[in-house]
Amino acid sequence: MTGRFDTHSEDQTRLLASQLAATLAPGAVLLLSGDLGAGKTAFVRGLAEGLGFDTREVTSPTFTLVHEYRGGRLPLIHVDLYRLDRADLDEIGLDPDVAADGVVAVEWPERLVRGVRGAIAIRIEDGGEDERRITIEATPVSGYSMR
Ligand code: ADP
Ligand code: MG
């Protein structure tokens, strides 16, 4: 599921994310870029919804770096790199087996020191008030993998 989508509310963004979640296979990595308040965490909440989690659990992991949710169709690993200058997914304590079997969603992927092979890039632009433009695209399969 790729393309450009305009949403007009947080609910619509969550719905879009939950539809994307239904298409994801184990090992999917989503790189979520956009300014503070763009809706990256809201998008992750929608992913969680689509994977069958209770989304009240999903909060911004800004202070914890990594949150793992288990018990849905696939495990969801939510990573927020905001507080790091540079980060390497191999070195922040992701369980590689859970990452390979689940979905990894990364906020602030600009902090990564290297790309992730085959990741899905999601860019959220704030169009003012509740308007958001969300671009979902596949990145090239060449490059580096997390493992
Ligand atoms: P980020 O994680 O990118 O910093 P959050 O998801 O925490 O952003 O916050 C997004 C904020 O924008 C929330 O308060 C949400 O209610 C609001 N919002 C308004 N319109 C939208 C929309 N169309 N999509 C997503 N969030 C929206
Ligand atoms: Mg956030």
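One-based numbering, in listed order, for ligands and for the atoms of each. We count residues from 1, following the sequence as given. Values below: all heavy atoms of this structure, side chains included; hydrogens, waters and symmetry mates excluded.
Residue E107 approaches ligand 1 through these ligand atoms, each under 4.0 Å from one of its heavy atoms: 2 (O).
Distances from ligand 1 to the non-hydrogen atoms of D126 include no value under 4.0 Å. For Q12, the closest heavy-atom approach to ligand 1 does not fall below 4.0 Å. S9 counts as a contact of ligand 1, since one of its heavy atoms falls under 4.0 Å from the ligand.
Considering only heavy atoms from C-beta on, L31 stays 4.5 Å or farther from E107 through its side chain. Looking only at side-chain heavy atoms (C-beta outward), I136 and M1 come within less than 4.5 Å of each other. Residues D101 and L74 are not in side-chain contact: their nearest non-hydrogen atoms beyond the backbone lie 4.5 Å or more apart. A 4.5 Å side-chain heavy-atom check between L84 and W108 finds every atom pair outside the cut-off. A 4.5 Å side-chain heavy-atom check between I120 and E137 finds every atom pair outside the cut-off.
For ligand 1, the polar-atom distance check against A42 finds a nitrogen or oxygen pair separated by under 3.5 Å. At under 3.5 Å, not a single nitrogen or oxygen of E131, backbone or side chain, sits near a nitrogen or oxygen of ligand 1. Considering both main-chain and side-chain atoms, E129 never comes within under 3.5 Å of ligand 1 through any nitrogen or oxygen pair.
Salt-bridge formation is not detected for the pair R45/E49: no Lys NZ or Arg NE/NH1/NH2 atom is positioned less than 4.0 Å from an Asp or Glu carboxylate oxygen. Electrostatic pairing of D126 and R132 counts as a salt bridge here, judged by a charged N lying under 4.0 Å from a carboxylate O.
Counting heavy atoms closer than 4.0 Å to ligand 1, residue L32 contributes nothing at all. With a 4.0 Å cut-off on non-hydrogen atoms, T13 touches ligand 1 through its side chain and not its backbone.
Counting just the N/O/S atoms of E107, the one with the shortest distance to the Mg ion (ligand 2) is named OE1.
At least one N, O or S atom of T41 sits under 2.8 Å from the Mg ion (ligand 2).
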